[in-house]
Amino acid sequence: MHWKVFQRLLRFSLVHKRLWLWGLLTLLIATLCDVAGPYLIKVFIDDYLTQGVYISDATLKLLAFYLAAMFIGAAGHYAQSLLFSKVALSVVETLREQVFHAVIHRPVAYFDTTSTGAIVSRLTNDSEAIKELFLNVIATFIQNIVLVAGIFIMMGILDLRLMLVSALILPLIILAMWGYQRLSTPLFQRVRSLLSDINARLHESLSGMSVIQSLNQQQKFEHQFDDTVQQHYLWRVRNVRLDGLMLRALVDFMSMLALAAIVYSFGLTSLEGSVEIGVLYAFINYLGRFVEPLIELTQRLNIMQQSLVAGQRVFELLDAPIEQHDGTARIQRGDIEARHLNFSYDNETQVLADVSFKIAPGQMLGVVGRTGSGKSTLTQLLLRFYPVEAEMLFIDGTSIKDISTDSLRQSVCMVEQEPFLFQGTLEENLRMGQSFSPEELTSALDQVGLGPMLSRLPEGIHTVLGERGSRLSNGERHLVAIARALLRKPKILILDEATATVDSASEALVQETIQKLRGNLTLIVIAHRLSTIKDADNILVLHHGRLVEEGNHLSLLEKRGLYEHLYSIQTAHLVLD
Ligand code: ATP
Ligand code: MG
């Protein structure tokens, strides 16, 4: 499974074939220069120094070679790390773009079941972990394997027997690497999950700060946080202990053994014939150099594992199905019909059951009912945020499934129960990427009665509204959202509780706006305040997802049913007020 993820990630990077090739080439050159160093010094010691020649043309040449090798090596390392970084960063860039594309095209229903935090961490942490794969794993692997191979070849050239002696520690080190891997993986996973707990707790505490402080829960949250942080510390310490023991101490110990073996066999060789002290120097140097990359490889295996897990999570998000709508019909008039509409979010609890109604173009439909009776759900279905069966919901006589997404988004506008404003200026929030003349913008604001507010804002329409429009009051946000919808001249306008958060004066304004709009577009108005929908052409009364009453205000009052009950409670309140 991980192998597939690895292949797929590699494929992402193969777009940059040239960077890869250059990276590999410079890596090879740099490594060759690295291993040439000790060999050159060995030649200097054995062929010149021990012969008593210190400065001569030949030694100067050797020095020049040595310096050149070191310089080219350093330049090569610089170039290769730059090239591999470029590959890594561009893979991350591509992945982030693709994930965001995938996310923003997901059906709205997807976000009911997926936490925002999870998506955010895919886009940030996980893509970052994938970067490590290219930067710190693949490059290091290639580099270290080339280095170790190069070192062995050089050792072989210098002295085959000593090379074989050194090679004896390889299986031991591989065994140690395997053991370390086995022991450290669970520790690592634990540390990772504790870290994500810390993040989650912090995130939750920060977003719920006002609740924590108002309920005086600081101490409890502090305890929880301290607990998690301490756990994280303890597991980290275990991890460090294991690292210290397995990585350094054990491997160092083995390389000491190898060193002793080399010195010993070197001694044996010296009994037989001439001694080349430079060879010993070169071997000790090489031995020191190849242990390091092996330790590094062991450590990198963990990073690799994390990157692949991250890759898998990112791909899961990329591969989740996107709902396709291939309808082509366009909305011309704006009449709506529901026929025995049933709906459930989770295929268990029925949220709408057998709801049938009709609205002619230009008419106003009021929808009332207790909290949770399914009013907002009905509007979500009209926006096709959730799929319904083809023969249940029609606009202009066409099943909502066959309407083109473009036309649907243009013709059906909704002011949500909790309208969302984006970080940006008032103007940007009204335009949302479309172009309107300044007059159109101001007249839309005037229409909803925001003219006076506009003159209060320090920079008028160019005032930045802050995150989620925090600069505005709830009611003002609602009115801005209505203005935003009106600018689009929709055929169907849905107002979900547009008057719930505004004062009576603003409600009157919304009422007036509604009156002005009547006849020009089909209006669906959901309201708890029944005064808002009193003169609707038709009113639906929902109760537990069923349509229990239907008619205009007066006929509903005469029925003396749920509507009349709701209405009498409200008017009683008004009298009390
Ligand atoms: P209110 O007047 O409080 O806005 P409402 O009539 O608009 O209420 P809906 O939002 O339509 O009520 O909710 C109807 C039912 O569907 C509720 O029982 C609610 O728990 C459930 N529900 C709403 N949204 C979802 C969702 N995204 N996933 C699952 N269930 C949901
Ligand atoms: Mg609602």
Side-chain angles (χ1 to χ4, degrees), residues 103-119 320-323 336 338 340-357 359 364-389 392-393 400 412-420 468 474-475 477-479 481-482 485 492-502 507 510 514 523-534 536 538-550 556 561-567 569-570 573:
V103 167
I104 209 158
H105 285 92
R106 268 300 115 73
V108 175
Y110 174 79
F111 298 94
D112 288 345
T113 49
T114 315
S115 81
T116 318
I119 299 177
I322 293 181
E323 203 150 347
I336 301 170
H340 308 290
L341 177 60
N342 286 312
F343 179 73
S344 162
Y345 284 103
D346 51 9
N347 290 324
E348 277 175 28
T349 12
Q350 199 78 355
V351 175
L352 288 174
D354 198 21
V355 175
S356 301
F357 63 90
I359 325 169
M364 171 173 169
L365 178 78
V367 183
V368 301
R370 291 221 166 95
T371 281
S373 55
K375 307 181 294 295
S376 298
T377 305
L378 185 63
T379 65
Q380 307 263 342
L381 298 184
L382 278 171
L383 287 162
R384 207 166 56 192
F385 282 166
Y386 299 88
V388 287
E389 277 167 48
M392 287 185 172
L393 202 53
I400 193 159
V412 187
C413 267
M414 169 154 81
V415 176
E416 305 200 11
Q417 201 162 1
E418 290 158 23
F420 191 91
R468 291 171 164 256
N474 256 339
R477 276 204 287 273
H478 239 124
L479 294 172
I482 298 179
I492 299 170
L493 177 64
I494 303 167
L495 303 179
D496 193 347
E497 305 285 7
T499 52
T501 53
V502 297
E507 188 200 353
V510 176
I514 290 177
L523 263 175
I524 299 182
V525 181
I526 300 177
H528 277 297
R529 266 197 223 177
L530 301 185
S531 50
T532 316
I533 46 114
K534 232 160 102 176
N538 192 15
I539 298 171
L540 306 180
V541 185
L542 291 179
H543 190 60
H544 294 312
R546 291 190 176 273
L547 183 58
V548 288
E549 286 167 32
E550 184 182 359
L556 284 173
L562 184 60
Y563 185 85
E564 199 262 350
H565 175 67
L566 293 174
Y567 189 73
I569 298 174
Q570 288 194 4
H573 270 300

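Just follow the structure's listing: the first ligand is 1, and inside any ligand the first atom is 1. For clarity, every value in this text was computed on a predicted model and none was experimentally measured.
The closest approach between a heavy atom of Gly369 and any atom of ligand 1 is not below 4.0 Å.
Closest protein heavy atom to atom 4 (O) of ligand 1: Gln417 NE2, 2.6 Å. Protein heavy atom closest to atom 7 (O) of ligand 1, with residue, atom name and distance, is Ser376 OG, 2.7 Å. Protein heavy atom in closest approach to atom 27 (N) of ligand 1: Asp112 OD2, 2.9 Å.
Across Ile400 and Leu382, no two heavy atoms sit closer than the pair CD1-O, 3.4 Å. Residues Asn342 and Asp354 approach most closely at OD1-N, 2.8 Å, considering heavy atoms. Counting all heavy atoms, side chain and backbone alike, Asp496 lies closest to Ser376 at OD2-OG, 2.7 Å. In plain terms, the two heavy atoms of Leu562 and Glu549 that are nearest each other are N-OE2, 2.6 Å.
Between the side chains of Asp346 and Ser344, at least one donor-acceptor pair of N or O atoms lies under 3.5 Å. Side-chain atoms of Thr377 and Tyr386 include no donor-acceptor pair closer than 3.5 Å.
With a heavy-atom cut-off of 4.0 Å, Tyr386 touches ligand 1 through its side chain alone. At a 4.0 Å heavy-atom cut-off, ligand 1 touches Val351 through the side chain alone. Residue contacts with ligand 1, taken as heavy atom pairs separated by less than 4.0 Å, do not involve Gln380 at all.
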**OP:** In sequence, state the C-alpha distance, the side-chain angles, and the governing distance for Arg546 and His544, and then conclude on side chain to side chain contact (heavy atoms under 4.5 Å, CB included).
**Re:** CA-CA 6 Å; Arg546 291 190 176 273; His544 294 312; 5.7 Å; no
**OP:** Could you walk me through whether Ile336 and Phe357 pass side chain to side chain contact (heavy atoms under 4.5 Å, CB included), step by step?
**Re:** CA-CA 8 Å; Ile336 301 170; Phe357 63 90; 4.2 Å; yes
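Annotation for ligand 1: atoms under 4.0 Å from non-hydrogen atoms of His528 are 2 (O). Here is the list of ligand 1 atoms found below 4.0 Å of a heavy atom in Thr377: 9 (P), 11 (O), 13 (O), 14 (C).
The distance from the Mg ion (ligand 2) to the nearest N/O/S atom of Ser376 is under 2.8 Å.
Considering backbone and side-chain atoms together, Gly372 places an N or O closer than 3.5 Å to an N or O of ligand 1.
Among Phe343, Tyr345, Phe385, the residue whose heavy atom lies closest to atom 29 (C) of ligand 1 is Tyr345. Between Glu348, Lys375, Arg370, it is Lys375 that holds the heavy atom closest to atom 2 (O) of ligand 1.
Side-chain contact check for Leu566 versus His528: every heavy-atom pair is 4.5 Å or farther apart.
Inside a 4.0 Å radius of atom 20 (O) of ligand 1 there is not any protein heavy atom.
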